[in-house]
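Just below is one structure, and these are the notes that go with it.
Just so we're on the same page: letters track the sequence lines, and every chain starts at 1. Quick caveat: nothing in here was measured; it's all calculated off a predicted structure.
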Amino acid sequence: MTAPESAPSNFIKDIITEDNKTGKYRGRVHTRFPPEPNGYLHIGHAKSICLNFGIAAEFKGLCNLRMDDTNPTKEEVEYVESIKQDVRWVGFDWQERMYYASNYFERFYECAVDLIKKGRAYVCDLSPDEMRQYRGTLTEPGKESPYRGRSVEENLDLFERMRKGEFPDGSRTLRAKIDMTSGNINMRDPVIYRILHSEHHMTGDKWCIYPMYDYAHCISDSIEGITHSICTLEFEDHRPLYDWFLDELGMYHPQQIEFARLNLTYTVMSKRKFIQLVEGGYVRGWDDPRMPTISGLRRRGYTPESIRNFCDRIGVAKAASTVDMALLEYCIREDLNRRAPRMMAVLRPLKIIITNYPEDKVDELDAINNPEDPSAGTRKVPFSRELYIEQEDFMEDPPKKFFRLAPGREVRLRYAYFIKCVDVVKDGAGNITELHCTYDPATRGGDAPDGRKVKATLHWVSAEHSLAAEVRLYDYLFAQPNPEEGTGDKDFISKLNPKSLEVLQDCRVEPGLSGASPGNKYQFERLGYFCVDQDSSPEKLIFNRTVTLKDTWVKIQNANK
RNA sequence: UGGGGCGUCGCCAAGCGGUAAGGCACUGGUCUCUGGCUCCAGCAUUCGGGGGUUCAAAUCCUCCCGCCCCAGCCA
């Protein structure tokens, strides 16, 4: 388990502290993270993972990983594996406590028989449509099913035959006998078991009846000795049912506690919407670096540390909230600033000829790998007569606050020399094709002996020595802060950011990046944090931009618009 | 119109009757061989609104307003 870098307190921890004080669970703290293996985990799950595993660690308790696999029609082994990988990657260890709700199927069945014997459950023959009608509405009470009065013997017989596969899908259900007039619709004789002749990823064709979430979840928690069953707000209405089952069954009773799920600006956070994005071809897959999935964030260059830190910072409460994406970005910048080695890369190259520099001379200059970390050391960077700088670092007719290169102006090339632009070369169409500059040999290393100052330092690469690379620039997936607001089912698609991905093919990076392998993270000086994509190869380097550096210059430009 | 929740700074979020923490964002400034980082300063006389209780209320009572969730044999 990762060292519990103690997160701030919250109402859930307060409850646990209080329970420990009163001895409610004899000081025991046991949580669980219970995903349904029907999709990939996202940053919202990370919040839950950090909460559950974090609490267990902090209170010296345990946290189980449990697959909530009670619906064979939606769940697949592929997801089980990705979930395990993601939880591990985020930084937590369930040790030997990997569980499956499907492991408890026999136990669930026995409990159901018990409920029937206690007159608390019955087999109902209502069709799905009829059941909906009998259920009533939010404002009108429901009506009791005509099958509600069946004898215990008949229910026992019918339920056993349901298990044996004597009835077709949807023909019958096992229901809890509670209260059809309850204001809480979950209490209006909820279905406990449904018939599903479907192959289960764990139990194969052993079963053709499967338990419902409300029924299976509380019993699973009880079996595992969970003390605090933490879930999201929408299950608040289900808590009475959770309690009802356990009380009727006379089983050990964990406490369900609900908290608000995470929402983030400029993205969506539901499995259903992810599927639409993937299947609609709007993103390249579940692990597209623009996706808020754990796998997407990982590929984007986010670190587990940054995500855990983010989860600690957002807090845990009951108010529906949408966290500013800027906070997530802050967390990854903070982490990478500390750890990422610096490199120079030119995304949109503009050629520069140093006219007073010898044609075949190559100089090796010392560059600092990470100013935040002296132990990262230094490296050599080749300098020659022909270089590339960033197109946006030169302006022929610079506005007031533009400090970078311009005709006649002197700037510093990082770790190299002061250069002065003496000529602008253009093609027939008037496009700038290259710049002629002169350098001052006395400024080698980047400082002028005469104390002369420049207002800007530019990053650069040697034309001859630099490596070609593809760089993928990512921006927010959506153009609006809240793409989920509004009604229409497909509305959010229209809010996609057309500029969420820009692929640059002709980038040049310094030679030190030749051995970079997938997952490696760097700061490209003055540009942002980048990581090597899994598609990258020694022949073709591919980088993903994780996040830009904060940029005061773009702010100034935007302010002047 | 039923049931369950929630409303404290642009976004999160502490606070639990004693006179509004913190973070992000933002704005200035400092520093700087990254217009990055660091550092400093500013940023709610006010807690959805109205009444009430109290020497004292974001915290207690009351009424009102607003927002979220629930009518799957999904989780």
Side-chain angles (χ1 to χ4, degrees), chain A residues 8-10 14 34-36 38 68-71 73-75 124 126-128 131-132 135-142 169-175 181-188 190-196 209-210 212-214 216-217 231-240 258 260 262 265 271 312-331 333-334 337-338 342 344 367-368 371-372 401-404 412-416 418 443 445-447 453-459 481 523-528 548-556:
Chain A
S9 193
N10 57 55
D14 293 346
E36 181 189 13
N38 70 339
D68 214 342
D69 56 353
T70 55
N71 185 347
T73 65
K74 296 190 170 182
E75 297 142 9
C124 181
L126 251 27
S127 69
M131 200 178 291
R132 191 177 320 122
R135 186 158 35 228
T137 68
L138 294 179
T139 52
E140 304 157 28
D169 287 4
S171 60
R172 290 180 217 265
T173 56
L174 181 72
R175 294 225 258 166
T181 68
S182 174
N184 181 347
I185 292 180
N186 294 303
M187 300 301 270
R188 318 238 264 230
V191 171
I192 299 175
Y193 269 94
R194 70 288 215 186
I195 301 173
L196 245 30
I209 56 171
Y210 291 92
M212 296 290 288
Y213 165 84
D214 288 305
H217 203 91
C231 62
T232 44
L233 250 31
E234 66 270 27
F235 292 104
E236 223 156 6
D237 286 345
H238 296 242
R239 182 159 21 100
E258 312 84 11
L262 169 67
T265 55
K271 232 164 265 182
D312 286 347
R313 283 169 181 267
I314 57 179
V316 177
K318 297 193 71 163
S321 61
T322 301
V323 174
D324 197 332
M325 184 68 91
L327 182 59
L328 218 208
E329 295 182 333
Y330 171 85
C331 291
R333 284 193 186 107
E334 181 189 54
N337 174 53
R338 223 169 348 108
R342 262 108 263 223
M344 290 198 285
I368 293 166
E372 305 294 321
K401 288 183 176 166
F402 184 85
F403 303 146
R404 282 106 98 145
R412 171 170 41 230
L413 291 184
R414 180 141 234 228
Y415 301 126
F418 282 12
T443 58
D447 283 305
K453 298 290 181 196
V454 288
K455 294 191 81 172
T457 299
L458 310 186
H459 60 278
Q523 182 195 107
F524 286 172
E525 296 230 19
R526 302 209 306 135
L527 297 174
T548 62
L549 250 30
K550 276 177 62 182
D551 192 338
T552 320
W553 172 234
V554 302
K555 255 179 213 168
I556 292 169

Quick one: label [X] by what it contacts on the DNA or RNA (base, sugar-phosphate, nothing), any heavy atom closer than 4.0 Å.
{"X": "A:Lys271", "answer": "nothing"}
{"X": "A:Ile556", "answer": "base"}
{"X": "A:Arg412", "answer": "base"}
{"X": "A:Tyr330", "answer": "sugar-phosphate"}
{"X": "A:Met187", "answer": "nothing"}
{"X": "A:Thr322", "answer": "sugar-phosphate"}
{"X": "A:Leu138", "answer": "base"}
{"X": "A:Leu327", "answer": "sugar-phosphate"}
{"X": "A:Leu458", "answer": "nothing"}
{"X": "A:Arg414", "answer": "base"}
{"X": "A:Tyr210", "answer": "nothing"}

When you measure only distances, ignoring hydrogens and angles, does the side chain of [X] come within 3.5 Å of the base of [N] through a donor and an acceptor?
{"X": "A:Arg404", "N": "B:G35", "answer": "yes"}
{"X": "A:Glu234", "N": "B:G5", "answer": "no"}
{"X": "A:Glu372", "N": "B:U38", "answer": "no"}
{"X": "A:Asn184", "N": "B:G4", "answer": "no"}

Q | Nearest-neighbour nucleotide for the A:Asn337 side chain, B:G36, B:A75, B:A25 considered | A | B:G36
Q.
Please report the distance separating the P of B:G18 from the corresponding atom of B:G52, rounded so that it comes out in whole Å.
A. 23 Å
Q. If we call it a pair only when both distances are under 3.5 Å in a Watson-Crick or G-U wobble match, what pairs with B:U53?
A. none
Q. Would you call the rings of A:Phe235 and A:His238 parallel, tilted or perpendicular, where under 30° means parallel and over 60° means perpendicular?
A. perpendicular
Spacing between [X] atom [atom1] and [N] atom [atom2], to the nearest angstrom:
{"X": "A:Asp14", "N": "B:G15", "atom1": "CG", "atom2": "C1'", "answer": "11 Å"}
{"X": "A:His238", "N": "B:G72", "atom1": "NE2", "atom2": "C1'", "answer": "10 Å"}
{"X": "A:Asp214", "N": "B:A75", "atom1": "CG", "atom2": "C1'", "answer": "9 Å"}

